[in-house]
Participant: 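Just dropping this structure here.
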Amino acid sequence: MAAVFPNASTTGPISGLARALLQAGRLSTAQMEALHKKASGDQTPFIAALLDSGHLDARALALFCAETFGYPQLDLSVLNLSTLPEKAIDAKLMESHSVLPLAKRGNKIYVALSDPTNIQALDQIKFQTELMVEPIIVEHPVLVKQIQKLVKSTEQSLSEMVGDEQEINFVEEDTASVADATADIDDAPVVRFLQKILTDAINQGASDLHFEPFEKFYRIRFRVDGVLRDMAQPPLSIKEKLASRIKVISKLDISEKRVPQDGRMRLVVSKTRAIDFRVSTLPTLFGEKIVMRILDPSQAQMGIDALGYDPDQKAILMDAIQRPYGMVLVTGPTGSGKTVSLYTCLNILNQPGINISTAEDPAEINLPGVNQVNINDRAGLTFPVALKAFLRQDPDIIMVGEIRDLETADISIKAAQTGHMVFSTLHTNDAPSTLTRLMNMGVPAFNIASSVILITAQRLARRLCSCKQPITIQDEALAEAGFTEDDMDGSWLPYKAVGCERCNGTGYKGRVGIYQIMPITEEIERIILAHGTALEIEAQAKREGVKTLRQSGLMKVKQGLTSLEEVLGCTNI
């Protein structure tokens with residue numbers, strides 16, 4: 001409880017600890033005014049100026065505060081830092097107000113401080129922790145020393161993770177505004193650590209970064225070649241600063257931690273290369289989980305040969321996309337490379353005489369020369385609205401990020417029927433089931449048969465590293481996987497993953513596409529018009545020589561590009 005002192009003309013504007021000392025006769029008015037002036041000029045707390053003056057030593061001041069304000073006193077020098085509640089109070093608050101959390105019991109938090117009249121600090125702690133604050137008086141120099149030691153241990157831990165590498169020269173968009181917004185959260189070790197993490201992710205070819213807070217630890221994982229790997233466990237105490245840093249760069253609201261947010265940031269790695277990151281935040285029990293998707297424009301520039309199409313599949317696809325009108329659909333689960341395949345096709349068709357418009361949610365890769373539109377459902381810019389607008393924009397080629405409903409499907413098909421080339425995606429298991437999915441949506445069979453010209457289903461399998469080694473597999477196991485007797489002629493050997501320094505011990509480096517390319521022939525059109533099932537369409541496609549996803553994957557095994565285990569794991573018979 002705070003002591004109440006009678007008003008006195010000698011006190012003037014002096015309040016708090018200064019007023020208490022003045023009323024107790026421990027210092028004169030002249031001394032107090034001089035100390036206030038010095039503290040203001042040096043921009044230091046009054047208590048620091050008081051102790052520096054020598055008018056009162058730290059032990060005597062702590063005893064005075066404890067007796068005057070009725071708070072318990074503690075010798076902080078005997079306290080073990082490892083027993084303190086981690087991240088109970090923000091490090092910035094600890095440093096700026098010289099406060100240290102000691103323990104949490106029920107709905108109370110016990111806080112060490114040297115100035116019990118610092119009401120602003122107590123209010124901020126109460127607001128931040130949503131707990132009742134119980135002050136405990138400690139000596140100011142010992143308190144400052146312990147706070148510095150705690151902060152330094154965190155910085156040292158981060159520095160060890162970053163290593164001795166030089167400062168990373170990332171250039172952020174709108175640098176001035178970012179600098180202004182981060183003025184109160186900028187922390188050099190955290191900034192360097194984030195730069196190191198982003199650089200490592202780019203260098204390792206990661207597709208996603210996961211920043212995950214838990215009760216006892218903080219974890220950072222990369223998704224490399226489709227598999228999540230633990231990369232770092234920084235101190236739990238940096239989770240707020242790291243989240244704030246990412247959110248500010250991504251132009252998100254750092255004060256909003258109760259609902260998910262989506263943003264985007266760009267880092268310029270060099271004069272010729274910029275990497276975009278799509279950022280998603282999610283409130284969890286122990287803080288905000290942040291997932292960053294790396295959107296590298298160079299992926300769309302790799303060329304169709306790098307994607308893993310067999311020569312006959314590539315010829316069929318190239319013939320389809322060069323047609324003046326029709327619809328090409330790419331299907332597969334999330335993370336199967338549909339976007340890269342579509343962008344590669346668009347990049348091939350992106351010529352000065354062609355008008356290309358895309359509607360995406362959101363646009364993942366920036367393609368110069370292509371008119372890209374971000375869907376904004378909240379503002380009313382839906383896929384159907386964007387498509388209707390495209391048809392008034394004299395388009396040659398239209399790309400729809402995903403067909404989600406009947407209205408989007410209907411407009412897309414009508415666009416394909418009226419002289420436009422339309423590309424889009426669907427989430428189905430294989431090419432034949434895509435046609436029945438459209439019928440189940442309510443699209444008339446005649447419209448499907450007259451507009452869809454090609455469907456490609458795909459998966460991504462991890463590519464074997466150069467450290468791979470041949471392995472002998474029994475014929476029975478090969479036959480069960482789908483190999484024919486002609487395939488098992490002994491002219492080839494499957495390979496297994498081994499692991500080396502280049503592939504970080506996984507045995508895999510990069511990924512290769514597995515495709516099912518199904519052109520819509522006259523026979524398949526007849527089955528569609530007769531409302532045939534996916535099994536009937538699949539049987540006809542098989543008669544016409546269309547490989548299933550499993551058969552395409554087994555070809556990659558024969559070529560030594562991937563392992564049999566990998567193909568079995570990502571394809572269905």
Participant: Would you check if the side chain of Lys547 reaches a backbone N or O of Ile517 as a donor-acceptor pair within less than 3.5 Å?
Facilitator: no
Participant: Hey, could you give me the OG1/CD1 distance between Thr408 and Ile413, rounded to the nearest 0.5 Å?
Facilitator: 11.0 Å
Participant: Nearest heavy-atom pair of Glu566 and Ala461: which atoms, and what distance?
Facilitator: CG-CB, 3.8 Å
Participant: Using modelled atom types and a 3.5 Å cut-off, is there a donor and acceptor pairing between side-chain atoms of Asp230 and backbone atoms of Arg221?
Facilitator: no
Participant: Among all residues two or more places apart in sequence or in another chain, which pass the ring pair (Phe, Tyr, Trp, His ring centres under 6.0 Å) test with Phe217?
Facilitator: Phe214
Participant: Could you give the distance from NZ (Lys558) to OG (Ser491), rounded to the nearest 0.5 Å?
Facilitator: 6.0 Å
Participant: Would you call the rings of Tyr515 and Tyr309 parallel, tilted or perpendicular if under 30° counts as parallel and over 60° as perpendicular?
Facilitator: parallel
Participant: State, to 0.1 Å, how close Leu554 and Gly482 come at their nearest heavy-atom pair, and which atoms those are.
Facilitator: CD1-C, 3.5 Å
Participant: Please give me the minimum heavy-atom distance between Arg502 and Cys465, naming the atom from each residue.
Facilitator: NH1-SG, 3.6 Å
Participant: Measuring only between side-chain heavy atoms, which start at C-beta, is Ile448 closer than 4.5 Å to Met439?
Facilitator: yes
Participant: Are the side chains of Trp492 and Val557 in touch, meaning some heavy atoms are under 4.5 Å apart?
Facilitator: yes
Participant: Using a 3.5 Å distance criterion without hydrogens, assess whether the side chain of Arg437 forms a donor-acceptor pair with backbone atoms of His427.
Facilitator: yes
Participant: Heavy-atom distance under 4.5 Å between the side chains of Gln351 and Asp396, does that happen here?
Facilitator: no
Participant: Please tell me if the side chains of Val400 and Phe390 come closer than 4.5 Å, counting only heavy atoms from C-beta onward.
Facilitator: no
Participant: If only side-chain N and O atoms count, and only distance matters, is there a donor-acceptor pair under 3.5 Å linking Gln393 with Ser357?
Facilitator: no
Participant: Between Asn376 (side chain) and Leu381 (backbone), is there a donor-acceptor pair under 3.5 Å?
Facilitator: no
Participant: Check whether any side-chain N or O of Arg223 sits under 3.5 Å from a backbone N or O of Ser207 as a donor-acceptor pair, and report yes or no.
Facilitator: no
Participant: Checking side-chain hydrogen bond (donor to acceptor under 3.5 Å, both in side chains) for the pair Asn347/Thr344: CA distance, chi angles, key distance, verdict?
Facilitator: CA-CA 5 Å; Asn347 200 47; Thr344 301; over 6 Å; no
Participant: Would you say Thr562's side chain and Arg462's backbone share a donor-acceptor pair under 3.5 angstrom?
Facilitator: yes
Participant: For Arg459, is there an ion pair with Asp430 - N to carboxylate O distance below 4.0 angstrom?
Facilitator: no
Participant: Could you tell me whether the side chain of Asp475 reaches within less than 4.5 Å of the side chain of Leu478, counting heavy atoms only?
Facilitator: yes
Participant: Looking only at non-hydrogen atoms, find the nearest pair between Gly401 and Ser424 and report the distance.
Facilitator: C-OG, 4.4 Å
Participant: Is Ile398 close to Ser412 at the side-chain level, that is, under 4.5 Å between some pair of heavy atoms?
Facilitator: no
Participant: Working note: Gln540 + Arg543, criterion side-chain hydrogen bond (donor to acceptor under 3.5 Å, both in side chains); need CA distance, chi angles, decisive distance, verdict.
Facilitator: CA-CA 5 Å; Gln540 179 59 34; Arg543 287 192 291 270; 2.6 Å; yes
Participant: Between atom CE of Met518 and atom CG of Leu454, what is the distance when rounded to the nearest 0.5 Å?
Facilitator: 8.5 Å
Participant: Tell me, with the steps shown, if Arg550 and Leu568 meet side-chain contact (heavy atoms from CB on, under 4.5 Å).
Facilitator: CA-CA 8 Å; Arg550 173 63 63 84; Leu568 296 178; 3.5 Å; yes
Participant: With distance as the sole criterion, is a donor-acceptor pair present between the side chains of Gln313 and Ser552 under 3.5 Å?
Facilitator: yes
Participant: Give the minimum heavy-atom separation between Ala445 and Ile528, together with the two atoms involved.
Facilitator: CB-O, 3.4 Å
Participant: Among Leu435, Leu438, Val546, which residue meets the side-chain contact (heavy atoms from CB on, under 4.5 Å) test with Ile455?
Facilitator: Leu435
Participant: Got a second to check how far Leu464's CG is from Thr506's OG1, nearest 0.5 Å?
Facilitator: 9.5 Å
Participant: Rounded to the nearest 0.5 Å, what separation is found between the CD1 atom of Ile290 and the CG atom of Leu252?
Facilitator: 8.5 Å
Participant: Examine distances only and state if a side-chain atom of Glu476 and a backbone atom of Ile473 form a donor-acceptor pair shorter than 3.5 Å.
Facilitator: no
Participant: Assess the residue pair Asp305 and Lys314 against the criterion (salt bridge (charged side-chain N to carboxylate O under 4.0 Å, His left out)); give the C-alpha distance rounded to whole Å, side-chain angles, the decisive distance to 0.1 Å, and a yes or no.
Facilitator: CA-CA 8 Å; Asp305 293 325; Lys314 175 187 170 184; 2.7 Å; yes
Participant: Answer yes or no on whether Lys239 is positioned over the face of Tyr218, meaning its NZ or CZ is under 6.0 Å from the six-membered ring centre and within 45° of the axis.
Facilitator: no
Participant: Could you go through Val330 and Phe423, starting from their C-alpha distance and side-chain angles, then the distance that decides it, and tell me whether this counts as side-chain contact (heavy atoms from CB on, under 4.5 Å)?
Facilitator: CA-CA 8 Å; Val330 181; Phe423 294 91; 6.0 Å; no
Participant: Any sub-3.5 Å donor-acceptor pair from Thr281's side-chain atoms to Gln261's backbone N or O?
Facilitator: yes
Participant: Looking only at atom types and distance, does a side-chain atom of Asp262 sit under 3.5 Å from a main-chain N or O of Ser280, one as donor and one as acceptor?
Facilitator: no
Participant: How far apart are the closest heavy atoms of Ser250 and Met265, and which atoms are they?
Facilitator: OG-SD, 3.7 Å
Participant: Donor-acceptor pair, distance only, cut-off 3.5 Å: does the side chain of Glu536 make one with the backbone of Thr533?
Facilitator: yes
Participant: Could you tell me the separation between the CZ atom of Phe222 and the CG atom of Asp200, rounded to the nearest 0.5 Å?
Facilitator: 5.5 Å
Participant: Does CZ belonging to Phe286 count more than 12 external heavy atoms closer than 6.0 Å?
Facilitator: yes
